[in-house]
There are 2 protein chains.
Amino acid sequence: MPAKNKLSLKPPSGAEALPLYRQVKRELQNIMEAGHYGPGKPLPSEASLARDLQVSIGTLRHAVDELVHEHVLVRRQGKGTFVAPHNRARFMFQFFHVEPRWDPEDDTPKEPEFPDIQCMAFSRDKADEAEARALRIRRGDTVLRIENRLALHGRVVMHDRLALSGAMFRNLTEKRFSERPSTIYALFQTDYGITVLRAQERARAVAAGKAVARVLSLPAGAPVMEVHRLALTFGDRPVEYRVSTINTQAHDYVSMLSKAP
Amino acid sequence: MPAKNKLSLKPPSGAEALPLYRQVKRELQNIMEAGHYGPGKPLPSEASLARDLQVSIGTLRHAVDELVHEHVLVRRQGKGTFVAPHNRARFMFQFFHVEPRWDPEDDTPKEPEFPDIQCMAFSRDKADEAEARALRIRRGDTVLRIENRLALHGRVVMHDRLALSGAMFRNLTEKRFSERPSTIYALFQTDYGITVLRAQERARAVAAGKAVARVLSLPAGAPVMEVHRLALTFGDRPVEYRVSTINTQAHDYVSMLSKAP
DNA sequence: AAGTGGTCTAGACCACCAT
DNA sequence: TGGTGGTCTAGACCACTTA
């Protein structure tokens, strides 16, 4: 982990027009991608980074600002700037979108609740067509398949089916997975140096299959929401493909169109 | 529309800690909320705003930066800064989330398509309980109810049921609604000075009712997605309550968890 | 040519956190 | 006390638009 990275930013190549703060941003991303600056320890200070990269403090802050907006970095006044850790708070606001339905009569502000996650199955298999395409591996490559059920207030409301590239997560065992500190993405981050940055979700309504219906305590054929998620890391490289099935009898899939002021 | 607004920002009140750029931001919001700076004409230049508000250009830009990130303002180099207009592009990326499903074999990049919107019903009625609570009006107050069907590639994939406060949208007629220039939110903005800034959506899977099923060319009872949207303007005041029903046989409800770099 | 936003600099001072 | 990020300033120069 080099504390200093004297880099020739100024003459990047032939036909360039990228503003300096974008070059700095990319440089920071490259360093993070290379695995330095794990979520525990702070990056070098803004002053020293600016010195090393030969840019003004304002330009460096501009680059960091963008990464903070994208939830890649977090700043802590007096302590430093860190790779954004995958703690429960981040999971709840960025990656978990199921909330109990509004009770019309009641005005109690619904507290977002962290789900109770139970592993139902863990296997090592060959990638099928859909998994291979999503994870950008070859069909037949090894994938880890994980099946979870998620409960809120003691009721199972969601069923997850995860697929991970076996090559990316070597030595991942069911034991290690079950003993994860908090969220699955935290395990990716701390044990494999892979930070999930964003995800795309595609949702649809389907009739529940027999197996999933049983898990969700619904009659087979009941309408449920099926959410296909592809989680991405630096360079939009896929990390995880996940199909979630949600019992929306008493819960909603919530999404905010544009952030709050 | 005052071009100058000498304002005493510095001594805001007793127990304050709001940074200066936040005060500037609120001031800009207040002015926009008051109806000045319609989407056609630019705001005063950054230099003149900074002069009038007695802050440095950097501080003023910091405030504008935040409003741009929230899609409240847009900058156009060489032209000026504008209240973000509700054109088709904005509708597609911020308020329309239905996309054709990936064809596994085909690699053609799916072009987002603007839907063909047809009005099926337009009525003036008394607000029911749900509408009143959502729009923060009293039960029995006048609401405008609008029913639309939306088609992509000639196939109806979505049914909308809108409720608007009658007091907020006086003189809105079916004719005027049908002759709207582009999107419904553009009409709110240009004709009523009300700019929708964000929205919350709550989605669930339900069995299609008979009437909606017919519109969507589905058998009654088929699983469909029902999306409840509350659109908000400045101060999070509700503007529109909308229930959309989506045929997800060949389309998905798409959402991105964190924006792209 | 004049006016707009876009980038970049080089400081100053403050608020917070560790020791 | 020293180091961190947070705020604010006062410029300079560039890129784009319009007339």
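Lettering of chains follows the sequences in order, A, B, ..., and the numbering in each one begins at 1. Reckoned from all heavy atoms, side chains included, excluding hydrogens, waters and symmetry mates.
Nucleotide dG5(D) holds its P atom 16 Å from the NE2 atom of His62(B), rounded to whole Å. For the pair Gln54(B) CD and dC8(D) P, the interatomic distance rounds to 15 Å; values are reported in whole Å. Summarising the geometry, the separation between CG on Leu53(B) and C1' on dC8(D) is reported as 15 Å, rounded to the nearest angstrom. The distance from atom NZ of Lys25(B) to atom P of dC8(D) is 13 Å, rounded to the nearest whole Å. Taking atom CD of residue Glu46(A) and atom P of nucleotide dA10(C), one finds them 16 Å apart after rounding to whole Å. In this structure, the CG atom of Leu67(B) is 14 Å from the P atom of dG5(C), given to the nearest Å. Distance, Ile57(B) CD1 to dC8(C) C1': 14 Å, rounded to whole Å. Protein atom CG of Leu20(A) is 15 Å distant from nucleotide atom P of dC14(D), rounded to whole Å.
The cationic atom of Arg202(B) (NZ for Lys, CZ for Arg) does not lie both less than 6.0 Å from the six-membered ring centre of Tyr253(A) and within 45° of the ring axis. Within the cation-pi definition used here (under 6.0 Å to the ring centroid, within 45° of the axis), Arg237(A) does not qualify as a partner of Phe234(A).
Close to dG5(C), at under 4.0 Å from its OP1 or OP2, lies no side-chain N or O of Arg61(B). Put simply, Thr81(A) has a side-chain N or O that comes within less than 4.0 Å of OP1 or OP2 on dG5(D). The phosphate of dC8(D) has neither OP1 nor OP2 within less than 4.0 Å of any side-chain N or O from Tyr21(B). Residue Arg76(A) places no side-chain N or O under 4.0 Å from the OP1 or OP2 atom of dT4(D).
Residues Ser45(B) and Arg22(A) both approach DNA chain C. Their nearest nucleotides, taken by heavy-atom distance, put Ser45(B) toward the 5′ side. For Thr59(A) and Asp65(B), each mapped to the nucleotide of DNA chain C holding its nearest heavy atom, the one lying further toward the 5' end belongs to Asp65(B).
For Arg75(B), the side-chain atoms get nearest to dG6(C) when compared with the rest of dG6(C), dC8(D), dC8(C).
No more than 12 heavy atoms of other residues, nucleotides or ligands lie within 6.0 Å of CZ in Arg26(A), so this atom counts as exposed by the packing criterion.
In this structure Gln118(B) satisfies the side chain to side chain contact (heavy atoms under 4.5 Å, CB included) test together with Asp116(B), Arg149(B), sequence neighbours excluded.
Ser258(B) and His71(A) share a side-chain donor-acceptor pair at under 3.5 Å.
Among residues at least two apart or in separate chains, salt bridge (Lys or Arg N to Asp or Glu O under 4.0 Å) pairs with a member in residues 190-200 of chain A are Arg176(A)-Asp191(A), Arg198(A)-Asp236(A).
Atom OG of residue Ser244(A) and atom CE of residue Met158(A) lie 3.5 Å apart, to the nearest 0.5 angstrom.
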Please list, pair by pair, any protein nitrogen or oxygen found under 3.5 Å from a nitrogen or oxygen in nucleotides 13-16 of chain C.
unit_1: dA15(C); atom_1: N3; unit_2: Gln77(A); atom_2: NE2; d: 3.3

